[in-house]
Amino acid sequence: MSLFHVDAARCRKDGICSSICPIGIISVADDGLPYMLEGQQSRCIGCGHCVAFCPHGASSLEHLPMERVVKVERSLLPGAEAVDLLLKSRRSLRFFNNKAVPRELVQEIIETASYQPTAKNQRAVRWVVINGRENLDKINALIAGFFDRYAVMEPPTPQKRAGKILANMWRKGQDPFLRGARQLAVAIAQKDDWGYSDCAVGLTYFELAAHARGVGCCWAGYFTSACPHTPELLEFLGVKSDEMVGGGHMFGYPKVRVSYIPPRAVLPVNWIE
């Protein structure tokens with residue numbers, strides 16, 4: 001059975017699917033109809049470019065039948081001003097109220113984040129969502145234990161002393177690690193050269209999709225630092241031996257919302273022409 005299908009009645013023989021294939025395994029026959037090169041199906045990464053870029057809806061893949069494909073309604077796309085406002089109004093949120101984000105909304109955010117780009121379209125990122133203060137307090141205790149161990153490692157550094165201070169703050173009833181959040185989303189990937197990058201992109205998609213829905217996030221840096229050095233934490237999260245934690249977001253409904261956008265200096269750019 002062929003992996004790549006073409007609706008001959010719809011195809012305009014414009015060669016778009018052939019030219020857009022990142023692997024170069026779609027060619028054009030003498031009659032102008034595209035086809036997948038013989039013996040090359042195993043090289044297809046399933047990115048769906050051949051489906052997405054065909055303006056006529058003529059191309060499909062075995063795992064991407066047209067009944068599952070959604071047409072881009074360009075009238076619904078936000079303009080640059082709206083996108084800029086979304087990006088610029090994003091802030092790291094550390095003040096959450098006590099209302100939990102419903103599972104259905106979290107699932108919706110993750111479904112949107114699943115459209116992130118990944119290296120070679122491997123889509124190897126998976127998510128763990130932790131709900132409830134009891135579970136997050138377990139994580140906090142494990143993070144505090146990591147910083148206790150970290151503080152006595154040689155050589156002593158200001159960062160290690162600061163970690164001990166944070167652990168003591170937690171024992172006194174404060175929450176310097178997860179900032180009182182009731183929920184935590186964790187991105188997990190395979191241990192390879194692209195794991196951290198894929199997770200970082202996924203977490204960025206998650207954060208922006210959450211922001212668009214009135215949900216605030218904060219990158220869980222202390223949690224991420226503790227994970228590689230805390231086997232109990234990895235076990236609690238269900239991380240396998242060939243996997244790694246690429247990062248996490250504390251998230252929830254904000255106690256306060258952003259009202260203004262302070263200016264920021266434009267990052268330096270070197271133009272090579």
Problem set entry | Qualifying residue for ring-ring contact (aromatic ring centres under 6.0 Å, His included) with F147, from F223, W170, F177 | F177

Exercise. Would the number of heavy atoms belonging to other residues, nucleotides or ligands and lying under 6.0 Å from CZ of R12 be above 12?
Worked result: yes

For this session: Answer with yes or no whether the side chains of H5 and S59 bring together a donor and an acceptor at under 3.5 Å.
Result: no

Residues 262-273, side-chain donor-acceptor partners within the protein, below 3.5 Å, at least two apart:
none

Problem set entry | Lys/Arg-Asp/Glu bridge criterion (N-O < 4.0 Å) met for R94, D175 | no

Problem set entry | Distance flag, aromatic centroids of F96 and F251, threshold under 6.0 Å | no

For this session: Give a yes or no on this: more than 12 heavy atoms of other residues, nucleotides or ligands lie within 6.0 Å of atom CZ of F4.
Result: yes

Problem set entry | R123 atom CZ, neighbour heavy-atom count above 12 within 6.0 Å | no

Exercise. Distance only, no hydrogens: is a donor on one side chain within 3.5 Å (strictly under) of an acceptor on the other, for W194 and Q122?
Worked result: no

Problem set entry | Ring geometry between F146 and H229 (parallel below 30°, tilted from 30 to 60°, perpendicular above 60°) | parallel

Exercise. If you look only at pairs with a residue in residues 34-92, which of them pass as a ring-ring contact (aromatic ring centres under 6.0 Å, His included), with sequence neighbours excluded?
Worked result: H49-F53

Problem set entry | More than 12 heavy atoms from other groups under 6.0 Å of CZ on R213 | yes

Exercise. Is K255 positioned over the aromatic face of F95, cation under 6.0 angstrom from the ring centre and no more than 45 degrees off axis?
Worked result: no

Exercise. Any Lys/Arg nitrogen of E243 or K191 sitting under 4.0 Å from an Asp/Glu carboxylate oxygen of the other?
Worked result: no

Exercise. Under 6.0 Å from the CG atom of D193, do we count more than 12 heavy atoms belonging to anything else shown?
Worked result: no

